[in-house]
Amino acid sequence: MAYEIPADLMVSVSGVRGRVGAGLTPEVVVRFAAAFGALLREEAERPLVVLARDSRTSGPMFARAATAALQSVGCDVIDAGLAPTPSALFAVRNHAADGAIVVTASHNPVEWNALKFASRSGMFLDAEEGARMRAYLGDRNPPRAGWDGLGGVRGDETAVERHLDAVLAVPYLDRDALQLRRFRVAVDCVRGAGAVLLPRLLRELGCDVIGINLEPDGRFPRPPEPVAANLHDLERLVRETESDIGMATDPDADRLSLVDERGRAIGEDFTLALAARLVLRHKPGAVVTNLSTSRVLEDVAAEFDVPLQRAPVGEINVARRMQEVGAVIGGEGNGGVILPDVHYTRDAAVAAALVLQLMAEQGQPLSELVGRHETYTIVKAKLPRDVGSPERAYAVLESRLGAPAADRQDGLRLEWAAERRWLHVRPSGTEPILRIIAEAPTERAARALVEEARRALSADDAAASGGR
Ligand code: MG
């Protein structure tokens, strides 16, 4: 009988997420992990799967359920235990494994957990691979192994350390200069998996580390997304300790957010912009980001006279485009930095090292490095879409808003480059709404853009219902 996915689960291209004990139970985890194992068995007789988890209290339970499921379909499991997502994905290539399952709900609140699936490339599943996996949740049952075909389990105690070594070997780092500079860094890992990596990395780079929330027990003391509004404790810590910089990670440490030496959270957009500036100083080349990332990165690329390409939203889309164009750096405006010298996945440790190196080379405090950039404001809104399809909405917006440039890779992105503003509209994956995001030099201009879009669509809705 076909398995029916519970309604309160959020199934995405590369994973499944739910509230612990409600949508997400060990039974659900077993279903998905077995389906993933079956997918890997299409290409390998005896697949090897890296398994890791962030610090959530439900992590060990779900990791055990996933382990049993993988064994039952004939996969061998390498258990990396508590580890950041980038460490787990780094271990995939390290072991020449066939894939990975990371038990993490990333930046989502404490009551959530999730499975994220990665392929042998050490990158998350793409749309095609995700669809092939979900076939095993439908009418194709995963073929189970008999007594003599069950997979085995072994531990990997050094996954985080090997990842750390790879970050320390990034060619742009001058470790002697960093040792000499001895930055004082305030750190907030929100009691997540970043706590087992980031403080160690910073000490290896000669920093004085002062931390809060470094106990990786999954009891997040604040909303775990590292957006500026959630970083007040870190801002205070920077001021009280007169630190050079504050660094915050999300629970699985693929995103990094910064606080300047004055104790002001500068917003996640600057993480990638600063990291890109450092890399481009050494190695000019293409930069890739997604369609919703701030123009601040575009300004940096323009300053170095290198192309900036925008890919559809989703880490895998950015990573794949980076490979296609041979990008020197890329990532997302949410603090997710991807550096090909280490791997094609977002990595907070990489981001931290690059930003410190930039500070050392420029010899300026973070607030000054940030102050050199134009400022922008991003405004987000939701538009209910009762009338018509997204395609209809895109056509209306494109014709009525009269933007000089339109991009249809992922929803609709309209850009007015001369006025330094853009608008990106795409359907929500979970609600019958359109998500709308606009950026402009001032908040007022960004809001005006959202309002203009709203008016154009409601005028169209009124015309459509009047014509019925
Ligand atoms: Mg994350």
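When a ligand or atom number is given, it counts from 1 through the structure's own listing order. Start at 1 with the first residue, then count along the sequence.
- Inter-residue side-chain proximity for Glu415 and Asp407 is flagged as unmet; no heavy-atom pair is nearer than 4.5 Å.
- For the 3.5 Å distance criterion, the side chains of Arg175 and Gln357 fail to qualify, holding no donor opposite an acceptor.
- The cationic group of Lys283 does not satisfy the cation-pi geometry with Tyr172, failing either the under 6.0 Å distance to the six-membered ring centre or the 45° limit from the ring axis.
- Within the protein, the N, O or S atoms lying under 2.8 Å from the Mg ion (ligand 1) are Ser106 OG, Asp250 OD2, Asp252 OD1, Asp254 OD1.
- Cation-pi geometry between Arg295 and Trp422 is not met at under 6.0 angstrom from the ring centre and within 45 degrees of the axis.
- The aromatic rings of Phe117 and Phe36 are tilted relative to each other, their planes meeting at an angle between 30° and 60°.
- In this structure, the side chains of Leu125 and Met133 come closer than 4.5 Å at one or more pairs of heavy atoms.
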